[in-house]
Visitor: 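Once you've had a glance at the structure underneath, I'll fire off some questions.
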Amino acid sequence: MASKASKLQIFTLLFLICIPFSTSIDFNYPAVFNFGDSNSDTGGLVAGIGDTLLPPNGQSYFKKPSGRFCDGRLIIDFLMDAMDLPYLNPYLDSIHAPSFKKGCDFAVAGSTILPPTAYAVSPFSFGVQVAQFIRFKNRVLDLQPKRRKSDKYIPARDVFQKGLYTFDIGQNDLAGAFYSKTYDQVIASIPTILAEFEAGIKTLYDEGARNFWIHNTGPLGCLAQNIAKFGTDPSKLDELACVITHIEASKLFNLQLYALSKKLQGQYLDVNVTYVDIFSIKSNLIADYSKYGFEQPIMACCGNGGPPLNYDSRITCGQTKVLNGTSVTVKACNDSTEYVNWDGIHYTESANYFVASQILTGKYSDPPFADQMPFQKLKF
């Protein structure tokens, strides 16, 4: 019976993958609404739970911590630059009267697609982020006819249908599961994770969303955090020194996410679904790092412990703690542009720039858009 079920699942995936995506892509979006985790969090966790990010976070661009788990800008920041739109303000940040006229960032570091567990870093799972969007939209529509002064801070009514909805989430569902589940159990959980994601997409569709931009998950096994925990046995590592189980889980998650993207495009003929292969871009960067001007593909720039990983789960970037009787302060490397990884979990601004520049070639998207490049040249 299990064998028949597996064959049926594979057949279903292959069938869905054969459904063609829409070829109509229009990048003249008036706004962007982003959902995700730390890969695209522009300050949500810091504002939402009062978390603290210390220097040297933010040093390369903002010159101080900006709420981003990075030395500078994220992929989403570079994509906003490319579309000639301002950086997204986090939904949870109400200080300094933030403008949401060109969109809003609902992403929060540590978030998962599935509802959070008691041990979750973030309570703002995908379902919560979607619910926050609905409240945001309803509040905007309520304010529009009442206060002219708010027009410069909130989007126009038609923006909710014309805007771009971006997604980069799922990494924490997989990575977190490995701490309490076997590999087979993690793989078995993927359909449940994606069913939750599909429900959120359908809710957004019912709210008027029509343009979906979906990032798949990166090579989780190449993060220093996962190598330090699960890769102490060399036999569990691949040729790039990445944890095999995490790499395989990422691939299987992405295969099913791609099939879901196809299913959504076939189900809703009035939507545009763009699936972006982040896994391939990041894997290529780690495999050929020197070709792209980097010197360290896996070791963290801002960490503790030295080579080969420079990662210590007991202390994070910028923190000062007493470890083994000695006071330790985690400082950054001399030149973060030489490193792919910032803190053992997140990428450096230089690596994010590389990923964004590869996305904008259009070659890693389905449907591809290389012949419809309306983007501004990225600034770095």
Side-chain angles (χ1 to χ4, degrees), residues 5-25 33-37 39-40 75 106-107 111-115 125-131 133 163-177 185-220 246-283 359 364-369:
S6 298
K7 289 180 179 178
L8 179 61
Q9 185 180 35
I10 293 172
F11 175 79
T12 303
L13 289 173
L14 291 174
F15 173 76
L16 289 170
I17 288 171
C18 289
I19 299 174
F21 270 131
S22 167
T23 57
S24 176
I25 304 177
F33 301 102
N34 182 64
F35 304 81
D37 51 34
N39 288 324
S40 58
I75 295 169
F106 298 91
S111 294
T112 53
I113 293 175
L114 291 177
S125 63
F126 182 54
V128 174
Q129 293 178 25
V130 171
F133 167 80
L164 180 65
Y165 291 74
T166 56
F167 307 89
D168 192 329
I169 193 167
Q171 174 174 314
N172 294 320
D173 292 89
L174 296 180
Q185 289 172 329
V186 172
I187 300 308
S189 71
I190 292 175
T192 302
I193 296 170
L194 291 180
E196 185 77 12
F197 183 69
E198 181 179 6
I201 293 291
K202 288 182 175 180
T203 298
L204 291 171
Y205 176 84
D206 291 340
E207 291 294 324
R210 293 296 182 269
N211 303 299
F212 300 105
W213 178 281
I214 302 172
H215 287 185
N216 69 12
T217 199
L220 299 182
H246 288 60
I247 293 296
E248 292 305 311
S250 300
K251 290 179 179 178
L252 289 171
F253 176 87
N254 291 339
L255 177 64
Q256 294 183 48
L257 178 63
Y258 182 57
L260 174 58
S261 299
K262 291 278 194 175
K263 174 185 173 183
L264 291 169
Q265 184 65 75
Q267 185 174 356
Y268 301 109
L269 300 181
D270 58 340
V271 307
N272 291 306
V273 180
T274 303
Y275 173 91
V276 185
D277 188 5
I278 298 296
F279 181 93
S280 290
I281 297 174
K282 289 184 174 179
S283 295
I359 291 172
Y364 294 92
S365 297
D366 193 339
F369 53 85

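The first residue of the sequence shown is numbered 1, and numbering continues consecutively from there.
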Visitor: Under 4.5 Å between any side-chain heavy atoms of Y268 and K202, yes or no?
Guide: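 Touching, per the 4.5 Å side-chain cut-off.
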Visitor: Tell me yes or no: between the side chains of Q171 and D37, is some donor less than 3.5 Å from an acceptor?
Guide: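 No pair is found: no donor N or O on one side chain lies under 3.5 Å from an acceptor on the other.
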Visitor: Kindly give the heavy-atom pair with the smallest separation between G266 and L269, and that separation in Å.
Guide: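 Result for this residue pair: O-CD2, 3.6 Å.
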Visitor: Side chains of T166 and N34 only: does a donor on one sit below 3.5 Å from an acceptor on the other?
Guide: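 Note: T166 and N34 side chains meet the donor-acceptor criterion.
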Visitor: Under 3.5 Å, is there a donor-acceptor pair between the Y275 and N254 side chains?
Guide: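 Checked: Y275/N254 side chains show no N/O donor-acceptor pair below 3.5 Å.
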Visitor: Could you tell me which non-hydrogen atom of V276 sits nearest to which non-hydrogen atom of S365, and how far apart they are?
Guide: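 Closest pair (atom of V276, atom of S365, distance): CG2-OG, 3.8 Å.
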Visitor: Determine the minimum heavy-atom distance between K262 and D366, stating which atoms define it.
Guide: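 Closest approach of K262 to D366: NZ-OD2, 4.0 Å.
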Visitor: Between atom CG of D277 and atom NE2 of H215, what is the distance when rounded to the nearest 0.5 Å?
Guide: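 Between D277 CG and H215 NE2, I get 10.5 Å after rounding to 0.5 Å.
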Visitor: Indicate the atoms forming the closest heavy-atom contact of F35 with A107, along with that distance.
Guide: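 Closest approach of F35 to A107: C-CB, 4.0 Å.
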Visitor: Which distance, rounded to the nearest 0.5 Å, do you find between the CG of L220 and the CD1 of I247?
Guide: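 Answer for the CG-CD1 pair, L220 versus I247, is 7.0 Å.
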Visitor: Within the structure provided, determine whether F253 and L194 are in side-chain contact (heavy-atom separation under 4.5 Å).
Guide: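 Counting from C-beta outward, F253 and L194 do come under 4.5 Å.
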Visitor: What is the distance from atom NZ of K251 to atom CD1 of I187, rounded to the nearest 0.5 Å?
Guide: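 Spacing of NZ (K251) from CD1 (I187) equals 11.5 Å.
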Visitor: With distance as the sole test, does D173 use its side chain to make a donor-acceptor pair with the main-chain N or O of L114 at under 3.5 Å?
Guide: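 Flag set: sc D173 to bb L114 pair under 3.5 Å.
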Visitor: To the closest 0.5 Å, what do you measure between CD1 (I190) and CG (L255)?
Guide: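 Going from the CD1 atom of I190 to the CG atom of L255 covers 9.0 Å.
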Visitor: What do the steps show when you test L264 against F212 for side chain to side chain contact (heavy atoms under 4.5 Å, CB included), and what is the final call?
Guide: CA-CA 10 Å; L264 291 169; F212 300 105; over 6 Å; no
Visitor: Between the main-chain N or O of G36 and the side-chain N or O of D168, is there a donor-acceptor pair closer than 3.5 Å?
Guide: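 Checked: no pair found.
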Visitor: Please lay out, stage by stage, how I359 and I281 fare under the test side chain to side chain contact (heavy atoms under 4.5 Å, CB included).
Guide: CA-CA 8 Å; I359 291 172; I281 297 174; 3.7 Å; yes
Visitor: Quick one: closest heavy-atom pair of T112 and N172, and the distance?
Guide: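 Shortest heavy-atom contact: CG2-CB, 3.7 Å.
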Visitor: Would Q265 and V271 count as a side chain to side chain contact (heavy atoms under 4.5 Å, CB included) here? Give the steps.
Guide: CA-CA 7 Å; Q265 184 65 75; V271 307; 3.9 Å; yes
Visitor: To the closest 0.5 Å, what do you measure between CZ (F167) and CZ (F126)?
Guide: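 If we round to the nearest 0.5 Å, F167:CZ and F126:CZ are 5.0 Å apart.
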Visitor: Where do F106 and V130 land on the side chain to side chain contact (heavy atoms under 4.5 Å, CB included) test, with the steps shown first?
Guide: CA-CA 8 Å; F106 298 91; V130 171; over 6 Å; no
Visitor: When rounded to the nearest 0.5 angstrom, what distance separates CZ in F33 from CG in N211?
Guide: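 One finds 11.0 Å between CZ of F33 and CG of N211.
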Visitor: Excluding sequence neighbours, so at least two apart, what forms salt bridge (Lys or Arg N to Asp or Glu O under 4.0 Å) with D206?
Guide: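 Salt bridge (Lys or Arg N to Asp or Glu O under 4.0 Å) check on D206 returns nothing, list empty.
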Visitor: So, for P191 and Q256, which heavy atoms are closest and what is the spacing to 0.1 Å?
Guide: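 Reported closest heavy-atom pair: CG-OE1, 3.6 Å.
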Visitor: State whether the side chain of S250 and the backbone N or O of G218 hold a donor-acceptor pair below 3.5 Å, judged by distance alone.
Guide: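 Present.
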